[in-house]
S.K.: 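Let me give you the structure first, and then I'll get to my questions.
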Amino acid sequence: MMKEYRTIYEVSGPLMVVEEVEGVTYDELAEIELPDGSVRRCKVLEVNGDKAVVQLFESSAGINLKDSKIRFLGHPLQLAVSGDMLGRVFNGMGQPIDGGPEILPEKYLDINGLPMNPAARDYPNEFIQTGVSTIDGLNTLVRGQKLPIFSGSGLPHAQLAAQIARQAKVLGGESNFAVVFAAIGITFEEAEYFVNEFKRTGAIDRTVLFTNLANDPAVERISTPRMALTAAEYLAFEKDMHVLVILTDITNYAEALREVSAARKEVPGRRGYPGYLYTDLATMYERAGRKLNHPGSITMIPILTMPEDDKTHPIPDLTGYITEGQIILSRDLYRKGILPPVDVLPSLSRLKDKGIGVGKTREDHASTMNQLFAAYASGKEAKELMTILGEAALSPTDLLYAKFADEFEKRYVSQGQEENRDIEETLDLGWELLKILPRSELKRIKQDMIDKYLPQEE
């Protein structure tokens with residue numbers, strides 16, 4: 001029989017202190033029963049002698065200390081998992097909210113997961129096609145990678161996330177591909193947008209969707225991405241699926257962490273975030289990857305809005321340390337009407353060279369990627385010179401580079417939300433644009449590749 005305590009003696013915001021407890025452990029789940037019989041859930045944050053500090057998942061309004069009782073359940077927060085999760089929508093605590101039946105669980109898993117043994121990790125080296133040229137062609141996503149998208153408030157990262165979730169696939173292994181999508185601290189309209197977008201295109205059938213709304217408690221916001229990652233680990237390592245996890249928005253997650261940390265009166269670190277923000281983010285991000293002798297994998301795209309578009313802010317800064325690159329969205333491109341507004345020059349996928357080339361994408365991928373980067377950088381430089389010195393000061397080659405930069409943004413970067421380009425189309429489009437430049441400028445591509453792939457004049 002579970003022991004009940006009537007020794008709650010203090011409530012401060014979402015935190016409560018319970019005295020005279022025994023055998024209680026960190027992160028354990030507990031239930032508070034109010035005099036009217038209603039139950040609220042909470043978890044143990046701290047144990048000190050016979051005192052335990054617990055944190056409520058719902059509000060503490062209306063809790064009468066004298067008449068309420070608390071019981072500790074002996075296990076941490078768990079998620080009921082089963083293959084039937086695909087196609088379903090859950091809230092941040094893992095309960096179905098799409099009007100469908102409850103999940104019949106195959107098992108219950110601790111949402112904190114188990115750390116992957118570093119020696120059992122396999123190196124990411126397989127191409128994932130997202131259908132977005134700026135990612136596939138220039139900042140290639142590789143199966144098992146963590147590639148965040150750094151955005152700003154008001155930029156269309158939600159549309160890009162939905163587009164990647166709809167279009168992404170592992171070439172040759174499409175039937176075994178799933179998407180786990182966690183929306184953290186978003187508005188009701190955004191949640192509706194994601195659900196409707198996935199239903200409209202049929203992508204919902206291979207997606208597990210977790211939504212935590214902005215008016216849900218902060219504590220739930222902290223558990224939402226962990227719920228999603230637990231579902232992903234189950235699908236990847238027990239059902240052998242290739243799982244793409246998209247988490248949006250990590251900034252809302254970090255704010256919730258800061259809120260809870262302030263309620264616990266912890267000493268704040270940079271900008272008021274707790275000092276353990278790095279470790280906390282790492283415990284989430286590092287759940288992505290591949291395991292030796294396991295066909296399944298977890299690839300992760302965390303999305304975060306940079307406060308004031310500042311990439312030195314603690315959240316993007318720490319995320320950049322833990323992940324393998326970043327895709328950066330640009331306000332300037334967005335103003336020009338370029339969608340998705342991916343700024344390719346500061347964007348980077350550190351594993352891109354592992355997922356491209358013969359047998360993965362195409363033999364010309366690496367050299368055309370380098371040439372496009374170099375030409376776009378030169379084109380932007382030429383355009384800046386043109387602004388300062390006027391067009392007359394540019395050489396004919398500089399003018400061609402400036403034209404290349406404009407065409408590159410209009411045709412390669414910009415593709416709208418509905419266009420799904422396969423890797424062949426992306427590579428051919430790159431060659432099409434390189435035709436603007438004289439052959440003598442294509443210094444990063446071998447001559448035989450140029451002869452084979454550069455479109456001939458009609």
Side-chain angles (χ1 to χ4, degrees), residues 11-16 26-27 29-30 40-46 53-61 76-77 79 90-95 97 111-113 148-151 153 157-158 161 180-188 190-191 194 209-231 245-285 287 300 302-308 313-319 322:
V11 177
S12 155
L15 305 183
M16 295 178 20
Y26 170 72
D27 233 10
L29 208 55
R40 295 186 193 174
R41 296 203 293 172
C42 55
K43 72 171 184 175
V44 178
L45 281 191
E46 208 174 299
V53 178
V54 298
Q55 180 175 3
L56 280 151
F57 289 121
E58 292 102 329
S59 82
S60 54
L77 199 50
L79 175 67
F90 301 88
N91 66 11
M93 298 301 284
Q95 289 141 347
I97 50 168
I111 65 160
N112 297 302
I149 294 175
F150 290 3
S151 179
S153 55
H157 47 269
V180 175
F181 196 104
I184 307 158
I186 59 167
T187 62
F188 179 73
E190 283 180 293
F194 286 128
L209 191 59
F210 289 85
T211 59
N212 161 265
L213 299 181
N215 62 343
D216 288 332
V219 189
E220 188 173 307
R221 202 151 306 146
I222 295 170
S223 69
T224 306
R226 292 187 164 80
M227 291 277 174
L229 285 160
T230 304
V245 178
I246 299 178
L247 307 173
T248 177
D249 179 339
I250 295 293
T251 302
N252 294 339
Y253 169 82
E255 305 271 304
L257 213 57
R258 177 165 70 175
E259 195 180 312
V260 170
S261 169
R264 291 174 68 177
K265 299 185 173 59
E266 291 174 338
V267 178
R270 272 199 297 170
R271 306 238 187 151
Y273 293 96
Y276 51 80
L277 180 62
Y278 179 89
T279 336
D280 193 278
L281 289 172
T283 57
M284 288 196 321
Y285 296 152
R287 289 170 76 171
M300 192 189 292
I303 297 175
L304 54 96
T305 45
M306 301 180 283
E308 289 124 36
H313 184 279
I315 306 168
D317 188 29
L318 297 176
T319 294
I322 307 164

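The analysis underlying the following values was restricted to heavy atoms, covering all of them including side chains, and did not include hydrogens, waters or symmetry mates.
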S.K.: Kindly write out the residues that satisfy ring pair (Phe, Tyr, Trp, His ring centres under 6.0 Å) with F210, not counting sequence neighbours, or none if the list is empty.
M.R.: F90
S.K.: Do you know the tightest heavy-atom contact between S60 and R40?
M.R.: C-NH1, 3.8 Å
S.K.: Taking only residues two or more places apart in sequence, or in another chain, which ones meet N252 in a side-chain hydrogen bond (donor to acceptor under 3.5 Å, both in side chains)?
M.R.: none
S.K.: Using the side-chain contact (heavy atoms from CB on, under 4.5 Å) criterion, which residues pair with Y26? Sequence neighbours excluded.
M.R.: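 Listed in chain order: nothing, the list is empty.
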S.K.: Between R221 and E259, is there a salt bridge with N-O shorter than 4.0 Å?
M.R.: no
S.K.: State, yes or no, whether a side-chain contact exists between I222 and L257 at a heavy-atom distance under 4.5 Å.
M.R.: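 A side-chain contact exists here, since the closest heavy-atom pair is under 4.5 Å.
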S.K.: Roughly how far, to the nearest 0.5 Å, is the CD atom of E190 from the OG1 atom of T211?
M.R.: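 So the OG1 of T211 and the CD of E190 are separated by 11.5 Å.
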S.K.: Under the salt bridge (charged side-chain N to carboxylate O under 4.0 Å, His left out) test, which residues partner R258, sequence neighbours left out?
M.R.: E255
S.K.: Restricting to non-hydrogen atoms, name the atom on P316 and the atom on L304 that form the minimum distance, rounded to 0.1 Å.
M.R.: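 P316 and L304 have their closest heavy atoms at CB-CD1, 3.8 Å.
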S.K.: Tell me if a side-chain donor or acceptor on S12 pairs with a main-chain N or O of L15 at a distance below 3.5 Å.
M.R.: no
S.K.: Between N112 and D27, do the side chains contain an N or O donor and an N or O acceptor separated by less than 3.5 Å?
M.R.: yes
S.K.: If you round to the nearest 0.5 Å, how far is CG of L45 from CE of M16?
M.R.: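 CG of L45 is found 11.5 Å from CE of M16.
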S.K.: Measuring from L213:CG to T187:OG1, what's the distance to the nearest 0.5 Å?
M.R.: 8.0 Å
S.K.: Between I303 and D249, is there a side-chain heavy-atom distance shorter than 4.5 Å?
M.R.: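 No. Closest side-chain heavy atoms not under 4.5 Å.
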S.K.: So does P217 get a backbone contact from the side chain of E58, meaning a donor-acceptor N/O pair under 3.5 Å?
M.R.: no
S.K.: For V245, which residues count as a side-chain contact (heavy atoms from CB on, under 4.5 Å) partner, sequence neighbours excluded?
M.R.: V180, L229, A232, V243, L247, I298, M300
S.K.: Search all heavy atoms of T224 against all heavy atoms of A183 and return the closest pair with its distance.
M.R.: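 For T224 versus A183, the nearest heavy atoms are CG2-O, 4.3 Å.
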S.K.: Quick one: side-chain hydrogen bond (donor to acceptor under 3.5 Å, both in side chains) partners of T248, sequence neighbours excluded?
M.R.: none
S.K.: Got a sec, which residues hit ring pair (Phe, Tyr, Trp, His ring centres under 6.0 Å) with H313, two or more places apart in sequence or on another chain?
M.R.: Y273
S.K.: For residues 274-283, run the donor-acceptor check on the side chains, cut-off 3.5 Å, and write out each pair with its distance to 0.1 Å, sequence neighbours left out.
M.R.:
unit_1 : atom_1 : unit_2 : atom_2 : d
Y276   : OH     : E266   : OE1    : 2.9
D280   : OD1    : R226   : NH2    : 3.4
D280   : OD1    : Y253   : OH     : 2.2
T283   : OG1    : R226   : NH2    : 3.2
T283   : OG1    : D280   : O      : 2.5

S.K.: What pairs with F150 under ring pair (Phe, Tyr, Trp, His ring centres under 6.0 Å), at least two apart in sequence or on another chain?
M.R.: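 Result, ring pair (Phe, Tyr, Trp, His ring centres under 6.0 Å) vs F150: none returned.
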S.K.: Tell me, please, which residues at least two apart from R287 pass side-chain hydrogen bond (donor to acceptor under 3.5 Å, both in side chains).
M.R.: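 Result, side-chain hydrogen bond (donor to acceptor under 3.5 Å, both in side chains) vs R287: T230, E233.
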S.K.: With rounding to the nearest 0.5 Å, note down the distance linking CG in L56 to NZ in K43.
M.R.: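 The CG atom of L56 sits 12.0 Å away from the NZ atom of K43.
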S.K.: I need the minimum non-hydrogen distance between T251 and P307, along with the two atoms involved.
M.R.: CG2-CG, 4.5 Å
S.K.: Flag the pair P225 / I184 as yes when at least one side-chain heavy-atom distance between them is below 4.5 Å, and no otherwise.
M.R.: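 Yes, at least one pair of side-chain atoms sits under 4.5 Å.
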S.K.: So, do V53 and R264 sit near enough that their side-chain heavy atoms are less than 4.5 Å apart?
M.R.: no
S.K.: Who passes side-chain hydrogen bond (donor to acceptor under 3.5 Å, both in side chains) against T319, sequence neighbours left out?
M.R.: Y285
S.K.: Using every non-hydrogen atom in the two residues, find where E220 and G92 come nearest and quote the distance to one decimal.
M.R.: OE2-N, 3.5 Å
S.K.: With side chains defined as the heavy atoms from C-beta onward, is the minimum distance between M227 and L77 less than 4.5 Å?
M.R.: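 Contact flag for M227/L77 side chains = yes.
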